[in-house]
Amino acid sequence: MKYQAPRGTYDILPEDIRKWHYIEDIIRRLTTLYNYSEVRTPIFEQLDLFQRSVGEDTDIVEKEMYTFKDKKGRDLALRPEGTASIARMVAERNLQSSTREPLRIWYEGQMFRYSRPQKGRYRQFYQFGVECIGSPKPIIDAEIIAIGWQILQEAKVPDVSLEINSVGCPECRDKYNILLKEFLYKDKDKYCTDCQRRMEQNPLRIFDCKNKTCQHLIEKAPRMLDNLCEECAQHFEEVKNSLEMMKVPFIVNPEIVRGLDYYTKTAFEYKINYLGAQDALGGGGRYDGLIGYLGGRQTPAVGLSMGLERIILSLEKSGFSFSEEDNLEVLIIPIGINPIQASIEMMQKLHEAGISAIVADEGSSVGSNLKYCDKNNVSFAILIGDNELKSGLYVVKNIKKKSQSEVKKEEVIDFIKTHEVVVK
RNA sequence: GUGGAUGUAGUUCAAUGGCAGAGCACCGGAUUGUGGUUCCGGUUGUUGUGGGUUCGAGUCCCAUCAUCCACCCCA
């Protein structure tokens with residue numbers, strides 16, 4: 001085989017696309033109900049944008065970005081996530097927003113990360129995201145979390161758990177980091193090599209370490225949640241209250257750390273436990289500093305993103321049956337070459353009437369064409385041969401009823417419309 | 001980036017170092033213009049790719065590509 005899709009990429013085939021339409025329809029419907037508008041941003045951006053917003057020390061920036069120079073020598077990168085572009089767009093266009101009237105937007109599209117592929121982890125993958133920009137209020141955090149939750153419920157993804165945490169603001173987080181590092185450095189040499197590395201780069205990750213020794217050591221470590229400043233603690237309480245009002249079930253997990261640096265205060269993840277190593281469907285959080293950091297007006301914001309592949313994989317795993325795509329309604333079967341023109345004209349009239357139809361290959365037998373109709377749930381077959389050309393009466397077969405009528409060619413459309421059986 | 005498993009027809013899978021096969025799917029036919037079942041027949045192919053060992057390689061060795069699994073990380 002000469003060509004293959006590049007490593008970590010794949011084609012969505014006709015028989016798979018309905019799965020995507022299914023989840024995309026739900027995303028559109030739910031975001032519309034909450035008055036969010038879709039936006040589309042470029043698939044690549046200045047490299048610098050991601051380095052600054054996602055964070056220099058993150059895995060994404062350190063080793064997972066598709067970077068390239070264009071012909072003018074500009075440093076660019078395929079987007080590894082969506083929020084950076086949204087923040088850039090808001091800052092660049094100076095999009096007006098306020099607490100009274102936050103900007104509610106959502107997006108969907110391909111993201112790119114150079115990581116080792118596995119099931120549910122690809123180098124090109126689809127994410128959708130929902131972002132509310134302009135309000136610092138906790139009820140907006142809850143709104144975002146609830147939208148993601150409802151989308152997963154609507155889609156019938158089984159056994160999702162929602163875990164929330166607060167990672168604090170720059171003030172209390174910096175204080176906490178000093179506290180935590182002091183604690184960690186006390187027994188620095190006792191931690192595994194991974195954790196010694198994490199101490200420098202992302203100390204919070206040590207809480208996730210599976211090594212027993214590290215787990216034991218970290219048990220007594222100070223927790224972010226216990227060291228929030230008054231404002232952040234208050235904010236977190238109100239997010240929890242709002243979620244309760246919205247009847248969105250959650251658990252507080254003080255170990256939720258997101259892999260991006262821009263988060264402040266609220267952080268959350270939607271998790272499942274049946275896709276192997278891939279246990280996160282998505283997550284998000286508040287990023288009050290990002291837009292200002294990128295040169296825009298200081299604007300608080302909160303958002304979420306989720307992976308479409310993982311949602312679809314969860315549904316497949318649970319045996320969910322996706323609805324069928326629309327079937328062909330009419331197959332026109334010309335018998336011999338004389339009726340070809342009449343067949344094409346018939347097809348065009350059907351199309352004008354909004355009825356899907358194609359003309360069968362004139363060289364194949366009537367029998368095999370009817371078999372095709374049976375197998376593919378085609379509703380009607382129209383037979384046109386020399387006799388029909390002469391009489392102007394076409395043979396219209398109702399495949400499901402196994403019945404056959406001779407219909408004046410001018411009346412075929414009406415006949416089909418009145419005899420159409422809606423099968424769902 | 002680390003460690004491991006796998007790769008044969010459209011698909012699911014066989015084949016001791018000795019002529020590449022079966023089910024499903026697909027196509028054709030069962031008196032030439034009529035149906036899902038049945039019966040008969042047919043094609044399934046650069047054995048992922050490139051080297052090597054051998055009289056002979058799907059099988060053994062090396063490299064490479066891809067998929068999967070566990071790390072890492074995350075969607």
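Numbers restart at 1 for each chain; the letters A, B, ... are given by sequence-line order, proteins then strands.
Note on A/D386 versus A/K390: no salt bridge recorded, every NZ/NE/NH1/NH2 to OD/OE distance being 4.0 Å or above. Between A/E64 and A/R123, none of the side-chain N atoms (NZ, or NE/NH1/NH2) sits under 4.0 Å from a carboxylate O, so this pair counts as no salt bridge. Look at A/K409 and A/E345 and you find no salt bridge, because none of the NZ, NE, NH1 or NH2 atoms lies under 4.0 Å from a carboxylate O. Under a 4.0 Å N-O distance rule, the pair A/D16/A/K19 qualifies as a salt bridge.
A cation-pi arrangement, defined by a distance under 6.0 Å to the six-membered ring centre and an angle within 45 degrees of its axis, is absent between A/R40 and A/Y107. A/R113 forms no cation-pi arrangement with A/F125, by the criterion of a distance under 6.0 Å to the ring centre and an angle within 45° of the ring axis.
Helical stems in RNA chain B, defined as runs of 3 or more consecutive Watson-Crick or G-U wobble pairs with donor-acceptor distances under 3.5 Å: B:1-7 with B:65-71, B:10-13 with B:21-24, B:26-30 with B:38-42, B:48-52 with B:60-64.
The gap from the P atom of B/rC40 to that of B/rC24 amounts to 12 Å, rounded to the nearest Å. B/rU47 sits 12 Å from B/rG10 when the P atoms are compared, rounded to a whole Å. As rounded to the nearest Å, B/rG21 and B/rU31 have C1' atoms that lie 35 Å from one another. Using atom C1' as the reference point in both B/rG42 and B/rG48, the two lie 28 Å apart (nearest Å).
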Got a list of protein N/O to nucleotides 24-27 of chain B N/O distances below 3.5 Å?
none

For nucleotides 3-11 of chain B, which of its nitrogen or oxygen atoms have a protein nitrogen or oxygen under 3.5 Å away, and what is each distance?
from: B/rG3; atom 1: O6; to: A/R116; atom 2: NH2; distance (Å): 3.0

Heteroatom pairs (N/O) under 3.5 angstrom, protein to nucleotides 28-33 of chain B:
from: B/rG33; atom 1: O6; to: A/N387; atom 2: N; distance (Å): 3.3
from: B/rG33; atom 1: O6; to: A/N387; atom 2: ND2; distance (Å): 3.0
from: B/rG33; atom 1: N1; to: A/E388; atom 2: OE1; distance (Å): 2.9
from: B/rG33; atom 1: N1; to: A/E388; atom 2: OE2; distance (Å): 3.1
from: B/rG33; atom 1: N2; to: A/E388; atom 2: OE2; distance (Å): 2.7

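A donor-acceptor pair shorter than 3.5 Å cannot be found between the side chains of A/E24 and A/Y126. Side-chain contact check for A/E329 and A/S379: no donor-acceptor pair (N or O, by modelled atom type) lies under 3.5 Å.
In this structure, A/F320 has its ring center closer than 6.0 angstrom to the ring center of A/F322.
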(message) A/L393 vs A/K408, test: side-chain contact (heavy atoms from CB on, under 4.5 Å). Steps then yes/no.
(response) CA-CA 4 Å; A/L393 293 174; A/K408 281 188 196 158; 3.7 Å; yes

(message) Would A/I105 and A/M89 count as a side-chain contact (heavy atoms from CB on, under 4.5 Å) here? Give the steps.
(response) CA-CA 11 Å; A/I105 53 186; A/M89 178 184 78; 3.9 Å; yes

(request) Evaluate side-chain contact (heavy atoms from CB on, under 4.5 Å) for A/F50 paired with A/E45, printing each intermediate quantity in order. (result) CA-CA 8 Å; A/F50 299 119; A/E45 298 268 2; 3.6 Å; yes

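Taking atom OH of A/Y114 as the reference point, atom C1' of B/rG1 lies 10 Å away to the nearest angstrom. One interatomic measurement links the two molecules: NZ of A/K397 to P of B/rG35, which rounds to 8 Å at whole-angstrom precision.
Across all strands, A/Y126 comes closer than 4.0 Å to no nucleic acid atom at all (heavy-atom distances).
With B/rG36, B/rA75, B/rC68 as the choices, the nucleotide that has an atom nearest any side-chain atom of A/P117 turns out to be B/rC68. Side-chain atoms of A/F125 lie closest to B/rA75 of the nucleotides B/rC73, B/rA75, B/rG35.
Checking the phosphate oxygens (OP1, OP2) of B/rA70, a side-chain nitrogen or oxygen of A/Q118 falls inside 4.0 Å. The shortest distance between the side-chain N/O atoms of A/R7 and the OP1/OP2 oxygens of B/rU67 is below 4.0 Å.
Every residue two or more places apart in sequence or in another chain that forms a side chain to side chain contact (heavy atoms under 4.5 Å, CB included) with A/S403 is listed here: A/N398, A/K401. Legend: residues meeting side chain to side chain contact (heavy atoms under 4.5 Å, CB included) with A/S314, ordered by chain and number and at least two apart, are A/V157, A/I272, A/Y274, A/L275, A/L281.
For B/rU67, the base has no donor-acceptor partner in the side chain of A/K119 [N/O atoms by modelled type, under 3.5 angstrom].
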